[in-house]
Amino acid sequence: MKKRGNIFLIGFMGAGKSTIAAGLGKDLGLERIEMDQMIVRQQGMEISEIFSRFGEPYFRDLETKLLSDLEKKGPCIVSCGGGAVLRQENVELMRQSGTVVLLAARPETIYERVKDSDERPILNGHMTVEFIAGLMEKRQKIYEDAADVTVWTDGKGREEICREIIGKISE
C-alpha cells in the first residue's frame with residue numbers, strides 16, 4: 001500500500017462503499033470513516049438539507065476539508081461520498097495518503113440497492129435505471145481515472161469483495 005496506507009473507497013452511490021468499508025475495517029483492524037456521516041455529524045443536518053440550504057458546491061467544500069484532515073490521520077478505511085472524486089483536488093488528497101479503490105457495479109445493480117432510499121438527493125425524482133445509467137456514464141471516466149484499483153461488486157458477497165481488494169492492494 002502507498003504511504004500511510006489509507007484505503008479510500010470510491011464509486012457511484014449504491015456500489016457498496018459503506019458495506020465494504022465495514023468489512024475491510026474489521027478484516028484489517030483499521031478504523032472506518034464514513035465521509036457523509038462525518039459531514040452530517042459536523043454540520044448537524046442531513047446531506048439533503050445541506051444541499052437544499054447551501055447547494056452542492058458548499059457540500060463539495062466540506063468533502064475537500066474532510067479529505068485534507070484525513071491526510072494527517074491514518075491508516076484507516078474511508079467510504080467516500082459518491083461525488084467526492086468530482087473534484088480533482090479531492091483525488092489528489094486521496095492519492096497522497098493512500099490507495100483509491102473503485103467499487104463498480106452495473107446500473108441495474110445500483111438501482112436495486114438504492115430504489116427504496118430517500119437519502120440520495122441527486123436521485124430524488126429520478127429513481128430509474130435509465131437516469132442512474134446516464135449519471136454513471138458521465139462519472140465513469142472520472143472514477144476510473146481516480147482509481148488505483150477497480151473491483152466489480154455485482155453478484156459478489158462482502159467477504160469475496162474484501163479479499164479481492166486486499167489481494168489487489170497488497171500486490
Side-chain angles (χ1 to χ4, degrees), residues 1-42 47 56-57 59-107 109-110 113-114 119-120 122 132-133 135-171:
M1 282 192 291
K2 293 184 195 172
K3 297 186 181 176
R4 289 186 201 92
N6 291 328
I7 299 171
F8 295 94
L9 300 178
I10 64 167
F12 200 77
M13 61 189 90
K17 297 179 299 287
S18 295
T19 300
I20 300 310
L24 283 173
K26 183 179 174 200
D27 291 351
L28 298 173
L30 296 175
E31 179 184 0
R32 173 180 61 121
I33 294 173
E34 291 281 338
M35 282 184 63
D36 287 351
Q37 286 180 8
M38 188 166 269
I39 289 171
V40 165
R41 263 196 319 276
Q42 290 172 346
I47 290 169
E56 185 175 355
F59 178 75
R60 300 297 171 208
D61 288 343
L62 296 173
E63 288 179 321
T64 301
K65 176 164 183 352
L66 180 54
L67 286 168
S68 179
D69 293 345
L70 290 175
E71 189 178 10
K72 301 164 191 80
K73 187 179 175 58
C76 56
I77 311 296
V78 183
S79 174
C80 299
V85 297
L86 297 178
R87 205 177 256 190
Q88 186 59 35
E89 179 183 2
N90 292 351
V91 174
E92 290 165 14
L93 287 166
M94 288 184 237
R95 285 206 166 135
Q96 287 169 15
S97 67
T99 303
V100 182
V101 177
L102 169 60
L103 297 180
R106 294 179 9 257
T109 301
I110 299 294
R113 292 176 181 168
V114 303
E119 296 176 12
R120 316 274 181 179
I122 290 174
I132 290 168
L135 194 52
M136 287 176 76
E137 191 174 316
K138 288 178 192 167
R139 292 185 177 182
Q140 193 60 33
K141 181 162 176 32
I142 296 167
Y143 287 137
E144 290 171 358
D145 289 348
D148 296 308
V149 172
T150 300
V151 174
W152 285 86
T153 64
D154 299 295
K156 296 178 186 170
R158 182 181 65 88
E159 293 81 13
E160 182 181 357
I161 295 165
C162 289
R163 274 195 311 273
E164 190 173 338
I165 291 169
I166 292 168
K168 285 185 174 190
I169 63 177
S170 297
E171 291 174 353

Novice: If I compare all heavy atoms of Glu34 with all of Ser79, which pair ends up nearest, and what's the gap?
Specialist: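 Nearest heavy atoms, Glu34 then Ser79: OE1-OG, 3.3 Å.
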
Novice: Only one of Ile132, Asp154, Thr153 passes side-chain contact (heavy atoms from CB on, under 4.5 Å) with Ile110; say which it is.
Specialist: Ile132

Novice: Check whether any side-chain heavy atom of Ile7 sits under 4.5 Å from a side-chain heavy atom of Leu28, and report yes or no.
Specialist: yes

Novice: Are any non-hydrogen side-chain atoms of Leu93 and Gln96 less than 4.5 angstrom apart?
Specialist: yes

Novice: Quick one, Asp61 with Arg87, criterion side-chain contact (heavy atoms from CB on, under 4.5 Å). Give me CA distance, side-chain angles, the key distance, then yes/no.
Specialist: CA-CA 9 Å; Asp61 288 343; Arg87 205 177 256 190; 2.8 Å; yes

Novice: Are a donor atom and an acceptor atom from the side chains of Thr150 and Glu144 found within less than 3.5 Å of each other?
Specialist: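 Distance-only check fails for Thr150 and Glu144.
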
Novice: Where do Met94 and Cys80 come nearest, in terms of heavy atoms and distance?
Specialist: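 In this case the closest contact between Met94 and Cys80 is SD-SG, 3.9 Å.
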
Novice: Salt-bridged, Lys65 to Asp69, with N to O below 4.0 Å?
Specialist: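 Yes, charged N to carboxylate O under 4.0 Å.
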
Novice: Check whether any side-chain heavy atom of Ile165 lies under 4.5 Å from a side-chain heavy atom of Val149, and answer yes or no.
Specialist: no

Novice: Taking the side chain as every heavy atom from C-beta outward, state whether Ser97 and Phe8 have any atom pair closer than 4.5 Å.
Specialist: yes

Novice: Is there a donor-acceptor pair closer than 3.5 Å between any side-chain N or O of Lys17 and the backbone N or O of Leu103?
Specialist: no

Novice: Assess whether side-chain contact (heavy atoms from CB on, under 4.5 Å) is satisfied between Leu62 and Met38, documenting all intermediate values.
Specialist: CA-CA 10 Å; Leu62 296 173; Met38 188 166 269; over 6 Å; no

Novice: Which pair of heavy atoms, one from Ala21 and one from Leu9, lies closest together, and at what distance?
Specialist: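 In terms of heavy atoms, the two residues are closest at N-CD1, 3.5 Å.
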
Novice: Can you check whether Ile77 reaches Glu31 side chain to side chain, under 4.5 Å on heavy atoms?
Specialist: no

Novice: Answer yes when Arg60 and Glu63 have at least one side-chain N-carboxylate O distance shorter than 4.0 Å, and no when they do not.
Specialist: yes

Novice: Quick one: do Phe59 and Asp36 satisfy side-chain contact (heavy atoms from CB on, under 4.5 Å)? Show the steps, please.
Specialist: CA-CA 10 Å; Phe59 178 75; Asp36 287 351; 3.6 Å; yes

Novice: If you compare all heavy atoms of Val91 against all heavy atoms of Val85, which two are closest, and at what distance to 0.1 Å?
Specialist: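 In terms of heavy atoms, the two residues are closest at CG2-O, 3.7 Å.
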
Novice: Just verifying a value: how many Å separate Leu86 CG and Lys138 NZ, rounded to the nearest 0.5 Å?
Specialist: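 Rounded to the nearest 0.5 Å, the CG-NZ separation comes to 11.5 Å.
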
Novice: Do you know which two heavy atoms are closest between Met35 and Val78, and how far apart they sit?
Specialist: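 Closest heavy-atom pair between Met35 and Val78: CG-CG1, 3.7 Å.
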
Novice: Heavy atoms only: give me the nearest Pro75-Gly5 pair and the separation to one decimal.
Specialist: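 Minimum heavy-atom separation between Pro75 and Gly5: CB-O, 3.7 Å.
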
Novice: Determine, for Asp148 against Lys168, whether the closest basic-nitrogen to carboxylate-oxygen distance falls under 4.0 angstrom.
Specialist: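 Not counted as a salt bridge, because no side-chain N and carboxylate O are separated by less than 4.0 Å.
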
